Colleague: 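Please see the structure below; I have some questions.
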6 protein chains.
Amino acid sequence: MASLRESLADNSDFQKLLAEMPRSDGRKNNEPRPIRITPNYTMHAAGSILVETGKTKVICTASVEEGVPPFLRGSGGGWLTAEYGMLPGSTSTRKKRDTGGKIDGRTQEIQRLIGRSLRTIINLKTLGERTVWIDCDVIQADGGTRTASITGGFVALILALRHIQRKRKFNPPPVKQFLSAISVGIVNGQPMLDLKYDEDSKAEVDANLVMLDDHTIIEIQGTGETKSFTRDQLNTMLDYAESGLAKHFAAQKEVLGGYLFK
Amino acid sequence: MASLRESLADNSDFQKLLAEMPRSDGRKNNEPRPIRITPNYTMHAAGSILVETGKTKVICTASVEEGVPPFLRGSGGGWLTAEYGMLPGSTSTRKKRDTGGKIDGRTQEIQRLIGRSLRTIINLKTLGERTVWIDCDVIQADGGTRTASITGGFVALILALRHIQRKRKFNPPPVKQFLSAISVGIVNGQPMLDLKYDEDSKAEVDANLVMLDDHTIIEIQGTGETKSFTRDQLNTMLDYAESGLAKHFAAQKEVLGGYLFK
Amino acid sequence: MASLRESLADNSDFQKLLAEMPRSDGRKNNEPRPIRITPNYTMHAAGSILVETGKTKVICTASVEEGVPPFLRGSGGGWLTAEYGMLPGSTSTRKKRDTGGKIDGRTQEIQRLIGRSLRTIINLKTLGERTVWIDCDVIQADGGTRTASITGGFVALILALRHIQRKRKFNPPPVKQFLSAISVGIVNGQPMLDLKYDEDSKAEVDANLVMLDDHTIIEIQGTGETKSFTRDQLNTMLDYAESGLAKHFAAQKEVLGGYLFK
Amino acid sequence: MASLRESLADNSDFQKLLAEMPRSDGRKNNEPRPIRITPNYTMHAAGSILVETGKTKVICTASVEEGVPPFLRGSGGGWLTAEYGMLPGSTSTRKKRDTGGKIDGRTQEIQRLIGRSLRTIINLKTLGERTVWIDCDVIQADGGTRTASITGGFVALILALRHIQRKRKFNPPPVKQFLSAISVGIVNGQPMLDLKYDEDSKAEVDANLVMLDDHTIIEIQGTGETKSFTRDQLNTMLDYAESGLAKHFAAQKEVLGGYLFK
Amino acid sequence: MASLRESLADNSDFQKLLAEMPRSDGRKNNEPRPIRITPNYTMHAAGSILVETGKTKVICTASVEEGVPPFLRGSGGGWLTAEYGMLPGSTSTRKKRDTGGKIDGRTQEIQRLIGRSLRTIINLKTLGERTVWIDCDVIQADGGTRTASITGGFVALILALRHIQRKRKFNPPPVKQFLSAISVGIVNGQPMLDLKYDEDSKAEVDANLVMLDDHTIIEIQGTGETKSFTRDQLNTMLDYAESGLAKHFAAQKEVLGGYLFK
Amino acid sequence: MASLRESLADNSDFQKLLAEMPRSDGRKNNEPRPIRITPNYTMHAAGSILVETGKTKVICTASVEEGVPPFLRGSGGGWLTAEYGMLPGSTSTRKKRDTGGKIDGRTQEIQRLIGRSLRTIINLKTLGERTVWIDCDVIQADGGTRTASITGGFVALILALRHIQRKRKFNPPPVKQFLSAISVGIVNGQPMLDLKYDEDSKAEVDANLVMLDDHTIIEIQGTGETKSFTRDQLNTMLDYAESGLAKHFAAQKEVLGGYLFK
């Protein structure tokens, strides 16, 4: 049985066949899930959206507080930080809350990724001593929650900056480029875009790409979970991701009226 | 000025006047906010609802896991526990996450209240060694989040038990009575039902009542935040709460089809 | 057997019989345990007492420190906070110390109750930026430790304020009313005052009442542990509590010489 | 001024004078404070005492629980552990509770010392898989709380073992020797026995001695807080401690009726 | 001034000039630092090495313990986990120890990366219920500590497996490929291999590559710290990393005698 | 068997025989292990050494940071604190890292001992508001790690002070005496100097002595782990320790060029 599986893995006709088969939700390998962004989803935060990519649903809010972390006090500059959480009922097996005194490693990596990505497109030096909080809370998970958080967190950030500008609280720093993220991976030897949970959980390679709308990369992370991958495979994954992000940027532009700041 | 305020406080005509004035959202003192319960709000948990009382919105999910806490192992009986959280963006000032190693006292009191209330209406001895988790996550807060969590958590619990019954996972213990909760208080000397945040934050007395639909009490908590209160005032508050809960029970019955178990 | 128990529960003659039977220590249902307050029990704290209600013994000390928690800094006003602990040897089964990084929920609820109650009777705005610590440490537990802590903590507070006044450290804010607390509950269908541990552990309903000596209520908490209760039963419990508190106020007045401040 | 102090420090006549001057409470340098041990101080723990050395007061309880720490499970042998705490009001400046997640280093050293000392005199291998808890809680502190805890903890331990024997719970391991502890130090160049807080806080050298009644040493700890000390001074301190411990052993024997086990 | 910098950044002649200038330690942009691996550096752990890349020095030890984390108990398979630390004195500014209750995010990411990488090359299913601990402790840091930890940790792992095989403790699972890691980045617009601390701290892009000796990728992580990067730049970085890793594999093979298992 | 062991323990001829037998590494009972101190072991810390006593190896670094703990702020004086750690691979059974939120009691006692000892020989009042950190990290353990840390930490401290003086950062306080530490114990009834791990783990008595080179004592700690000891035995142990420390002082003087400050 194992030898059948192995011989199939090396059989290029079989691989070609696999590449043409539709995925469990009928998508092609290079096809992203539909994305929907609902602005002003809750009433309190300066910026607030619900982002849905397929069945994955994340509430992203952006809030601005006076004050900065200790390492920036007196610098005159600001900070942006992100927090990420999953509601206990958001996953098929209930997820324990992160309240026991330490955040698990996965959560911490995701928070750091979201914050690091969004910090690159805003000039924190001109924000004043203020902190932007991007909160991403998953209410329903079906793969790709971290990339949805970045795509949605970006929109919440812009909404918050516009709100501040409109309320004349202070003059927010401009953001000049759209930023979005998507996942990609290799499943059964096939590069595949925007993995659902059932695909993600059996992927041999799992990657995330954060890009700007000028086709440059902000962050690439690719991990051979069970197999290593070649540079050719990496290039195919990057091609898929780029094409998928084009749809994300379109969705962001639609909900934001096509511009960042007027 | 203070003496004017004080003399008005003792002036029964002025109090009568106050009693007749509508509240900031036009309600009468004994009028609850509209309640809406959306069943099956998310797809993973066995039971899941969104409860809205006015602008307060809480997602309640109920999950059942095999296993019980150490103090029940080997007893053959089960457990029900509740967790409560507020999304950071759910309040007007961003709420820090409870991840720093300890849950704050308010959160703990609320969790204990929700769990204690719901444990009274389910026979945990016949549940088997399983744990029911009731997760209440506030996505938008405008006062009364703990009582909304109880009212909504009850429905999520029933939905979860029905789901288990339908899937023939095991035979869940019956629940025989409806249970709901509402807040009541004294603002400007006036007993008032179902306080919004602006009322709650200036209330002299703050109380919560958990009742069954046979008019008996499961829990009463009343605190003189800035003033003590008389037994007469307590009785008025109880009258108000009873009438408000009638509407909650109606909403629960509507979404549950009028019955608990068939 | 169960049906006998149930038919007895509904049998009013049997209930009347129960109501007339003495309790395990010979008390009537509406009779509190003897209370004894020993002032100046230890030498260091500004105020210090030992309070005994029956076999329950609690050391209460009140200390005043310069400084306030962060949320009050710069406000010019003060703060009062309470801490509660049980010596490990104070209970029949050794109680684990609260040193493992988190205070258990019960302890936290009790601390919050004691602090909240005592804050209502002192004008913290005129205290200056100082913090009053009320420490309640149970050295022997037999039910009612939280209410004994409030009754005793009140006396320790007054002694501390007098000490400060006498030492001319600063001019403490006046306290104008006596405050005390007592427990009440329903055991075997019978409302019962000031429950001992053996009664408390089998009570169907458990309630605590904090009152001023003008018969107004500062806090009421009533929980149906295993059964819900009617408003009539609530009223009987409130009647019992009021009569019991009269004896507490008398004990406080005796040890304080009948007055609060001269 | 400093030179006067220094020249006096080297002046042997002055030192001789100092040696003859009485201490702040009138004691001679080699004179211990009166010790008093009250047995059965609280009702729940198997063994319970109040120990007073001068104004220092410590409640010591001994409890025996089934079960042992993980490293002993399956060994058939038992364990003895000690915990030490100070009530917040026990010191002249209120002591913060050890609840913030970590025990301070001083507390931990004291707990380890008490436990280590008492473990040497009991054959834990014949205790069965049980744990003896020695809880020492200081209700009033005036120096020497750790040595009082050892002296008192020993008596609580014996009372607990006798209680177990009397109740025929199991056959406790015999204890064959009395054990006690006392502090000693160097103040103003003078070796001094059983330091009160005012002496302790200005001592140049601070030492504790735990001994058996056969004049052998279980533990010696001597620290030059501000000055180093010679072996001659060490010997004088050991002489003082031995004579002081004779009185402790007498007090232990009196309260225990002169024997350990019958 | 800023405009000069900007115009230079876009000036291709200036970029060419920069590309030909030697780095602060005289290396070319695509030249790695010398690597040295000292086997059997300490005596207790099953496998132990000191790895030096330039001035960066890391002690890596590999230990094997019986038992696995809870999620694998009963599975029959094993686990490999890595821990990473920096001695406080290893950096130019003293690094606080990770003892305050939580590991910082950077440490956690590094530990996860090391463990994830090494888990891919060992068949944990045939390890039995045992855990391999890879401990990487930086004693001197000058950039690239995480990649040095992977390169060195791999050798410690092989040494440990050989030790187990030699001692006939059990039959360890074979490892079939060499694995190593190196850093790469973009500094002043120039792709650059194996960054020292002074280069790393001003890099615009920071990347790490973990590869097998068959030229396939196990993990790629690239972050635009202050600038995004193009796919062309990514390819140059990958070329540099591949050539640098060839020298790492050579060093590993030399110290291991050219083979993995005999 | 036990009675043979016991009769041998009391047999003075047998004891004499034991006293003359060489130890497992061929040393006499009063012979210390060779000590080696390598200065400037790492490049970043102001002072840095590797100390080896036999197979025990400890890296000690001394760093000076601006600022002091809260209790000294505004005092103008400085602080010295020590931290101690063992690399996980430094012991025969892997040692868990101290990252789980609390430092174990042994670590804390050792840190306190190192810090307390070194604080006695430096005038912190003239250091300015600065903190000296002494970090002692064991890379290979074979008994006596705490005393090696003190002996080595002293040298790191002097090197750091000299570095500060040379760099004219500020004028460091002078240190006037050499300080060193050594362990001593009783094994099989025999007093023994500088215990290796195999001796330490079966010692009846375990002691540590910290002394100055004028033969005065800074700290003595002696614990009867399994047996009590007499004052005669204590004196023999002190004699051994003094002679062993003479060799430590010689090693310190050699590496420091025979002087403390010029």
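Quick caveat, the model's predicted, so the values are computed rather than measured. Below, read A as the first sequence line, B as the second, and so on, with proteins coming before strands; counting in each chain starts at 1.
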Colleague: Using heavy-atom distances under 4.5 Å, tell me whether D/D232 contacts chain F through its side chain, its backbone, both, or neither.
Modeller: neither
Colleague: Ion pair present between F/D104 and D/R112, side-chain N to carboxylate O less than 4.0 angstrom?
Modeller: no
Colleague: Is it the side chain or the backbone of F/R106 that comes within 4.5 Å of chain D heavy atoms, both, or neither?
Modeller: both
Colleague: Within a 6.0 Å radius of atom NZ on F/K253, are there more than 12 heavy atoms belonging to other residues, nucleotides or ligands?
Modeller: yes
Colleague: What heavy-atom pair brings F/S228 and D/I218 nearest, and what distance separates the two atoms?
Modeller: CB-CD1, 3.7 Å
Colleague: Just verifying a value: how many Å separate D/T223 OG1 and F/Q221 CD, rounded to the nearest 0.5 Å?
Modeller: 6.5 Å
Colleague: Which distance, rounded to the nearest 0.5 Å, do you find between the CD of F/E219 and the CD of D/E225?
Modeller: 8.0 Å
Colleague: How many angstroms lie between atom CZ of F/R231 and atom CG of D/N235, to the nearest 0.5 angstrom?
Modeller: 5.0 Å
Colleague: So which of D/G224, D/S117, D/G222 has the biggest tally of heavy-atom pairs under 4.5 Å with chain F?
Modeller: D/G222
Colleague: Take atom OH of D/Y197 as the centre, draw a 6.0 Å sphere, and report whether it contains more than 12 heavy atoms from other residues, nucleotides or ligands.
Modeller: no
Colleague: Among D/N208, D/V210, D/L113, D/I220, who wins on heavy-atom pairs under 4.5 Å with chain F?
Modeller: D/I220
Colleague: With a 4.5 angstrom heavy-atom cut-off, could you sort out which part of D/Q111 is near chain F: side chain, backbone, both or neither?
Modeller: neither
